[in-house]
Amino acid sequence: IVRGRVAFPRRKGPPGRSHATRPRTMGFPLSDVLTDESIVSEFTCKICCNLVEYGHAVHTSCSHVFCEKCLADWVARSSDPDILAEAALNGEQARGPRCPTCNAGLAGEGKVAPLQTQPLAWRLLGRVQVRCPLHDSTSCGWRGDLSEVSAHLTNSESHLKGQDYAPSNAQENAEALKNQGNAKFTAHAYREAIQLYSKAISAAPGVASYYGNRAAAWLMVGAAKECATDCRRAIQLDSGYVKGYVRLAKALIELSDVDAAEESLRSASTRCPGKKEIEEELQRVRVLSAHLAEGERALSGGEPARALEMYAAALKVTQCAAVQLGCARAEIALGRCDGAMRTTAAVIRAEPGNVRAYAARGHALCLKLDFDQGMKHVREGLRLDPDHAECASLFRRMKRAGAALDRGRTAAGTRDFEAAAIAFTESLDAAQAPTHSPFTAAVLAQRANARLRLKEYDAALVDCAAAIASQEDHKPAYFTQSTALLHLGKPQEAADSLKVLLEMDPGDETVRRHHEKATFEVRKSKRPDYYAILGISRVASVPEVKQAYKQRCMEWHPDRHANSSDEDKEKAEVNFKLLGEALEVMEDTMKRQLYDEGFDKEAIAERVEAARRAAHRGGYGNAGHSHGGGCGSGGCC
């Protein structure tokens with residue numbers, strides 16, 4: 001404890017400025033508290049040594065109460081890398097943030113929570129009796145609950161009992177209100193700060209800093225228009241008010257008017273030459289403007305990746321709608337519709353009248369094949385601005401694309417595949433969709449399927465390859481591609497293609513079945529043609545099979561090639577072995593049926609063995625195939 005306050009951990013700061021001596025105006029002054037100290041002590045912040053800020057108080061898991069901002073500063077300073085590095089150099093163990101009162105650890109979830117989560121403590125704090133914090137400057141005699149202080153200060157009927165400020169004391173009273181507003185601003189209670197600044201302006205409307213402070217609070221709550229209005233008023237009152245120019249530029253940027261922000265700062269630089277704050281802000285705005293210009297150029301020039309890089313750099317400067325929509329448009333051009341939809345939804349929530357946000361979100365939805373919602377958003381954009389050229393062009397394109405897509409699907413459903421292929425082509429041409437969008441992949445895959453049904457296998461493969469290049473995990477394109485390859489007699493290529501998809505999603509049973517089918521066709525294509533080897537037709541009877549076997553054996557028996565060359569001997573041995581395999585399969589009804597179904601020798605053996613085991617488990621032995629064993633036809637005795 002230093003001079004009655006908790007000493008903050010030392011931290012490096014700007015030259016000539018010590019964090020330990022930085023003034024703090026947190027909490028409610030204990031000198032204005034009327035309730036007994038035994039109760040108030042439980043709600044005294046041990047960092048600022050004032051009563052905790054009502055509405056912005058927190059408690060720790062060790063049951064100590066602090067101002068939210070005070071504890072946040074304490075934790076941030078305790079976690080400062082410079083402090084941790086210094087502790088390591090001194091051989092001290094870095095323990096993370098600790099409670100200023102009892103030194104308990106504060107790291108981890110649930111260690112700090114708003115005081116509102118403790119209803120009894122919250123009610124007790126709200127009922128602490130206090131007097132008007134401005135009683136010294138205004139002679140206000142109000143006394144009441146801590147929870148009513150803000151309402152009192154901003155209520156003319158309550159504060160000073162409805163009497164206007166005396167002209168002689170107006171400036172002093174306004175300054176006191178401003179100081180109260182500053183305390184609320186420091187505590188992140190921006191709405192309450194705005195009310196107090198407004199009260200100060202009512203008391204002394206000719207002070208530029210009051211408008212400037214209220215502008216800062218407006219900016220923190222996202223009210224950029226109100227911030228700009230206050231900044232302009234402050235500049236009118238004091239043309240040398242530097243903070244007014246800087247905050248006006250920030251507000252204009254948040255309103256996506258970067259050009260106006262740059263122009264305002266150039267004017268301020270002329271009026272207030274040599275001001276570091278203005279020059280730094282002007283440089284920041286120029287960098288932002290350069291990023292936006294390069295992003296727009298890259299997007300128009302067909303370089304969406306470069307555009308996204310520029311807009312992402314701009315996001316480090318500001319989160320304004322123009323930058324966010326630039327990112328969304330770049331993501332749409334890259335086919336990343338999900339990210340674009342999240343971004344545009346956030347912009348629409350913040351600015352319900354942003355036409356470009358509706359257009360971009362509608363475009364993303366259409367590219368996700370949700371034309372109903374997509375067109376609804378585009379129409380809303382046109383309702384807001386019927387003359388918006390970008391939105392009108394998008395509406396016409398998506399309307400034609402959606403109608404052609406519906407015609408193609410209808411034609412495919414009625415098996416008019418030629419008309420379907422034409423309609424899908426029209427849809428692609430009308431949409432002018434990005435190469436990697438879900439729309440492009442889906443429509444290409446549907447056109448490929450139509451061409452497959454028309455037996456235009458090569459054209460179907462071209463569309464499938466384009467669809468897969470658009471979306472590498474688009475399953476319908478893989479299925480159509482494998483089917484076309486099988487029709488072209490390329491089962492190995494079909495199996496390889498489906499293997500890639502199966503590795504992406506091993507748990508998909510549909511993909512697994514397609515892969516098994518392609519693999520089956522590969523094995524089928526590699527098996528020997530027993531009918532050709534025996535020289536028989538597919539309807540040959542078993543006696544004809546055996547007769548053909550004998551004739552072919554006479555031709556390929558190894559003894560007949562004893563005096564032949566080594567190559568001829570090897571060929572004879574191979575053919576003689578194949579004749580034996582062919583006879584084994586062709587004379588057995590079950591094996592021959594399996595062979596005709598496409599199974600190779602190994603698969604046939606597996607099926608026969610499985611059937612044998614199943615029959616054995618069923619207790620039927622070799623039912624229907626008596627070979628002298630068992631009871632035969634005489635029955636059991």
Side-chain angles (χ1 to χ4, degrees), residues 23-29 31-32 48 50-51 53-56 67 69 130-248 250-251 277:
R24 297 183 176 274
T25 55
M26 293 296 298
F28 191 88
S31 58
D32 293 327
C48 66
N50 282 325
L51 190 66
E53 189 76 31
Y54 184 76
H56 299 275
C67 299
K69 185 65 169 57
V130 298
R131 60 186 174 184
C132 177
L134 305 183
H135 68 94
D136 287 338
S137 59
T138 63
S139 300
C140 178
W142 178 86
R143 297 186 176 194
D145 293 344
L146 177 67
S147 60
E148 300 297 327
V149 171
S150 292
H152 160 70
L153 291 174
T154 56
N155 188 327
S156 298
E157 295 299 322
S158 173
H159 192 48
L160 298 178
K161 298 182 178 180
Q163 298 177 1
D164 293 334
Y165 291 117
S168 58
N169 296 329
Q171 185 59 52
E172 183 180 356
N173 295 334
E175 192 67 19
L177 285 166
K178 185 205 75 170
N179 291 336
Q180 288 294 315
N182 290 346
K184 293 295 182 181
F185 188 98
T186 304
H188 297 177
Y190 303 116
R191 294 288 180 184
E192 296 178 32
I194 289 169
Q195 293 178 343
L196 290 166
Y197 291 140
S198 299
K199 195 72 175 178
I201 290 170
S202 297
V207 181
S209 63
Y210 299 169
Y211 290 96
N213 287 7
R214 188 170 68 175
W218 280 126
L219 196 60
M220 297 305 294
V221 298
K225 289 183 180 179
E226 290 79 358
C227 173
T229 300
D230 275 353
C231 287
R232 291 188 178 101
R233 177 59 177 155
I235 293 169
Q236 286 176 355
L237 292 170
D238 182 1
S239 60
Y241 185 54
V242 174
K243 290 183 179 179
Y245 292 110
V246 174
R247 288 168 185 165
L248 175 60
K250 292 179 183 292
E277 299 95 323

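Quick note: residue numbers are just sequence positions, from 1. Since we're looking at a predicted model, the values are computed, not measured.
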Task: Any side-chain heavy-atom pair of Pro133 and Val149 under 4.5 Å - done: yes
Open item on the list: The test is side chain to side chain contact (heavy atoms under 4.5 Å, CB included); show your working for His56 and Cys67 and say whether it passes.
Closed with: CA-CA 6 Å; His56 299 275; Cys67 299; over 6 Å; no
- [ ] Compare every heavy atom of Cys231 with every heavy atom of Ala215, then report the nearest pair and how far apart it is.
- [x] CB-SG, 3.6 Å
- [ ] Report yes if some heavy atom in the side chain of Arg247 is under 4.5 Å from a heavy atom in the side chain of Tyr241; otherwise report no.
- [x] yes
Task: Close aromatic pair by centroid cut-off 6.0 Å: Tyr190 and His188 - done: yes
- [ ] Could you tell me whether the side chain of Asp238 and the main chain of Gly240 form a donor-acceptor pair under 3.5 Å?
- [x] yes
- [ ] Side-chain contact test, heavy atoms from C-beta onward, threshold under 4.5 Å: evaluate it for Tyr197 versus Asn182 and give yes or no.
- [x] yes
Open item on the list: Does any part of the side chain of Thr229, heavy atoms only, come nearer than 4.5 Å to the side chain of Lys225, both counted from C-beta?
Closed with: no
- [ ] Quick one: do Phe185 and Asn213 satisfy side chain to side chain contact (heavy atoms under 4.5 Å, CB included)? Show the steps, please.
- [x] CA-CA 9 Å; Phe185 188 98; Asn213 287 7; over 6 Å; no
TODO: Could you tell me whether the side chain of Tyr54 reaches within less than 4.5 Å of the side chain of Val130, counting heavy atoms only?
DONE: no
- [ ] Under the side chain to side chain contact (heavy atoms under 4.5 Å, CB included) rule, what do Lys199 and Tyr210 come out as? Steps first, then yes or no, please.
- [x] CA-CA 10 Å; Lys199 195 72 175 178; Tyr210 299 169; over 6 Å; no
Open item on the list: As an exercise, state the distance from OG of Ser31 to CG of Asn50, rounded to the nearest 0.5 Å.
Closed with: 8.0 Å
TODO: Check Ser198 against Arg214 and note the closest heavy-atom contact, atom names and distance.
DONE: OG-NH1, 3.0 Å
Open item on the list: Quick check: closest heavy atoms across Gly181 and Ala193, and the distance to 0.1 Å?
Closed with: O-CB, 3.4 Å
Task: Under-4.0 Å salt bridge between Glu53 and Lys184 - done: yes
Open item on the list: Do Arg232 and Leu248 have side chains that approach each other closer than 4.5 Å (heavy atoms only, starting at C-beta)?
Closed with: yes
TODO: Measure the shortest side-chain to side-chain distance between Leu196 and Lys178 over non-hydrogen atoms and say whether it is less than 4.5 angstrom.
DONE: no
Task: Sub-4.5 Å side-chain heavy-atom contact between Pro205 and Tyr211 - done: yes
- [ ] For residues Glu277 and Val242, report the shortest heavy-atom separation together with the two atoms involved.
- [x] CB-CG1, 4.0 Å
Task: For Arg131 against Phe28, the heavy-atom pair lying closest together - done: O-CZ, 3.7 Å
Open item on the list: Minimum heavy-atom separation for Val221 and Ile194, please, with both atom names.
Closed with: CG2-CD1, 4.1 Å
